[in-house]
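First comes the structure, then the notes that go with it.
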Amino acid sequence: MAVSVINKGTKPEPEPRVRTGGHFMLGDHACAEGALAAGLDFFGGYPITPSTEIAEHIAVRLPLIGGRFVQMEDELASIAAIIGASAAGARSFTATSGPGFSLMMENIGLAAMMELPVVIADVMRASPSTGLPTMVGQSDVLQARWGSHGDYGIIAYCPSSPQECFDLTIRAFNAADQYRVPVFILMDEVVGHMAERVIIPAAEDIPHTPRKGPRHKPGEEIFLSYAPDADMVPPIAHAGEGYKVHMTGLTHDERGYPALNAPTHNKLVNRLVDKIRLNAADIVMYEEIATEDADTIVISFGCTARSARHAVAEARREGLKCGFLRLITIWPFPEKRIRELIDQGNVKRFIVPEVNLGQIRREVERMTSLPVLRLNHAGGEMPAPKDILELIRS
Amino acid sequence: MSATEQIIHPAATVHPIDNLLRADRFPHILCPGCGIGTVIHGYAHAIAASGLSEDRHVCVSGIGCSGRAAGYVNVDSYHSTHGRALPFALGIAVHKPELNVTVISGDGDLTAIGGNHLIHAARRNVNLNVICINNFNYGMTGGQVGPTTPVGAKGSTAPRGAVEQPFNLPYLAKATGAAFVARWTVLHVREFQDAVLRAMNKNGFSFIEVLAPCPTSFGRANNIGDGLHEVEIYRERCVIENGAQNLEELDIDLIDASKPITVGNFVDIDRKPFIE
Ligand code: SF4
């Protein structure tokens, strides 16, 4: 007789959803832990360097806590599957890198149009095309904003450390549900593959913003999937809840039915953009150091911000009036704060180091006639503190 | 009360599947003689016969005339992007396995742009009911040829006749792992409805090809006068062969009048479902 000896004696501890405590963790793993802590239900993904560790980590953990992990046949399928799962009420997630992100673009527009919340981590590598798969890039930032055809609003966070990979992933899920939009975590290869200390709080301290649900029972009245509240975000009903919703990528009325005419289209698309644009004050996050009297402000994000922070601290030690603005949300862009800094009157120039050929510099230039100095690398390595410092001294 | 008034009295207009259709969206966009309406009708009847509350049914479509099906059925319904109905539906079916998810879309949507998803959903044996409306062309965009167009049939992008070997869809579905595979036409209303019901009751991947006239695009280009004409072709040439084993030989050649069109419930096997 075969007798199973597995698990004889002590019962294994149940798998915790939130791994409370201090860890030494990869950025990719911290992002995965953030998704799990945020209440992830469904992950659909396709392997791609340098994001694969996110999928692998979730493949180990998610099934043990009641969620579903599916490795899809490609990124077109991954994004479609997470949007479908979201339609059924799941907190759903995928992780990818540039080439996969490009493949997802059409359905990112669908998620924006259907207003189905999804979270996508894009661990940026040197691009275009296959580029340098294992080496750093920051060149998907404009694609994240504009990559799908048409006008729509999205939110993108840009972590600079494994701790932020964890924290911002939780924030991404909450923002996606609050605003019914696709939300991106724009990591980069350096941050994704760097191991640092990550503190995970107690489960009850993880912030949770639920989706707004219908305010009447099914059948009492017709549910309008696209009738916005004052915040421009409509409540949502999911598949299986009895509300008989219809959702389409076609231009639609408040019921969700196709309404193929220009006034409906204009109203809908403006709302999709405005629900992010006009709520920007609640969404935008940045970190600022020593900007009060600064004549030079370094604006940076992601891995590059780590070098920039060192360079600015060193410049201050040398007595240079240099400040630092770190973008935590890239989209919506912190336009208001940058304009305020310009209006202070003491700023003479900005410096924007980034691992692309000037994507965020262009955003800053759009806002000012002051000089915006560039420090760019097409990818494969990030600027060192000394490179940024030299430019500050110049 | 006159007879006319009796006919338009609301009580007299209630049809058994009225509540399963979004009558508030009528008139629909489909052309006179189009076969897609008959497919939607069959799906609605299968929902009514399924014994499951309509709240447990979900319909997902892709893009094209057939892709509009999701917009006319009164269940939770999603009109996704071109080719992506299957992975979209997978997300729903995997997150809420208690739902009965049906994908209704066209041959171009499911087998050309979405072909990769079709073979992988079948391989995984995801619990989905796929109704693939095959009208041998891209109807909505005006009659271009696609992967189901018979050799020699004309389309706006093959003005001298299609030259590529078309898919034999039941053979493809069987080979890639579907647990239930059928082919019917819109002439076979009852059999089609019954096949959809069997698909709904199957925990696994079901694939039903249903031939449907597209008089506006395919018919006009190929001397098939109207919808009825094509249905007559079905009646003359269809041979029912349930359980047919030789699927590889059962290509459809709508143009060659000497060739039979074999229809039936071909495959019904038990395979480990994606989610037990
Ligand atoms: S174009 Fe063809 S498939 Fe489309 S609605 Fe008209 S007849 Fe039907």
Side-chain angles (χ1 to χ4, degrees), chain A residues 41-44 67-92 94 104 106-111 113-114 116 118 148 218-219 222-223 225 237-250 252-253 255-260, chain B residues 19-22 24-25 28-29 52-63 67-68 70-101 103 113-121 123-124 126 128 274-275:
Chain A
D41 297 299
F42 180 88
F43 182 96
R68 303 279 188 188
F69 174 94
V70 184
Q71 185 174 315
M72 299 301 296
E73 53 271 27
D74 55 29
E75 287 90 348
L76 305 167
S78 302
I79 181 74
I82 69 166
I83 299 170
S86 177
R91 278 202 153 181
S92 61
T94 191
M104 291 181 184
E106 184 193 11
N107 271 351
I108 285 169
L110 180 73
M113 193 68 154
M114 286 186 167
L116 286 170
V118 288
S148 195
I222 288 173
F223 177 68
S225 299
H238 303 115
E241 291 177 350
Y243 291 91
K244 298 192 165 137
V245 299
H246 181 65
M247 294 189 169
T248 173
L250 286 168
H252 45 266
D253 60 19
R255 176 79 174 89
Y257 288 171
L260 306 186
Chain B
N19 65 325
L20 292 169
L21 298 176
R22 296 188 190 265
D24 51 346
R25 288 213 52 222
H28 54 69
I29 63 153
L52 263 186
S53 148
E54 60 232 48
D55 296 344
R56 299 273 296 276
H57 285 277
V58 178
C59 184
V60 181
S61 285
I63 295 294
R68 293 301 189 93
Y72 295 118
V73 289
N74 197 19
V75 296
D76 288 323
S77 55
Y78 301 90
H79 179 218
S80 70
T81 39
H82 201 18
R84 316 298 162 219
L86 278 170
F88 191 105
L90 177 146
I92 298 173
V94 168
H95 181 59
K96 284 195 173 156
E98 69 275 19
L99 298 179
N100 205 304
V101 185
V103 170
I113 190 169
N116 196 34
H117 308 312
L118 176 64
I119 62 176
H120 287 282
R123 171 180 66 79
R124 293 185 178 103
V126 189
L128 293 172
F274 194 54
I275 294 176

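Letters go in sequence order (proteins before strands), and every chain restarts at 1.
- Counting heavy-atom pairs closer than 4.5 Å to chain A, the top-ranked of the candidates Lys96(B), Arg68(B), His120(B), His117(B) is His117(B).
- No option in Leu86(B), Ile92(B), Val58(B) other than Leu86(B) meets the side-chain contact (heavy atoms from CB on, under 4.5 Å) test with Leu128(B).
- When each of Met247(A), Glu73(A), Arg68(A) is scored by its heavy-atom pairs under 4.5 Å with chain B, the top score falls to Glu73(A).
- Annotation: maximal heavy-atom pairing with chain B below 4.5 Å, among Gly242(A), Ala239(A), Gly249(A), occurs at Ala239(A).
- For Leu116(A), the part sitting under 4.5 Å from any heavy atom of chain B is the side chain, from C-beta outward, and nothing else.
- Enclosure of atom CD1 in Ile29(B) by more than 12 non-hydrogen atoms of other residues, nucleotides or ligands within 6.0 angstrom is indicated.
- With chain A as partner, the option from Arg123(B), His57(B), Glu54(B) having the largest number of non-hydrogen pairs under 4.5 angstrom is Glu54(B).
- Ranked by non-hydrogen atom pairs under 4.5 Å with chain B, the options Val245(A), Leu250(A), Thr248(A) are led by Val245(A).
- Chain A forms the most heavy-atom pairs under 4.5 Å with one residue out of Asp24(B), Val60(B), Ile63(B), Val75(B), and that residue is Asp24(B).
- Interface remark: of the candidates Ile79(A), Ile82(A), Asn107(A), Asp41(A), Asn107(A) forms the most heavy-atom pairs closer than 4.5 Å to chain B.
- Listed options Gly71(B), Ala85(B), Ser61(B) were ranked by heavy-atom pairs under 4.5 angstrom with chain A; first place goes to Gly71(B).
- Under the 4.5 Å side-chain criterion, counting only non-hydrogen atoms from C-beta, Asn74(B) is not in contact with His246(A).
- Rounded to the nearest 0.5 angstrom, Asp55(B) CG and Asp76(B) CG are separated by 7.0 Å.
- Contacts of Met114(A) with chain B are made by side-chain atoms alone, with heavy-atom separations under 4.5 Å and no backbone atom involved.
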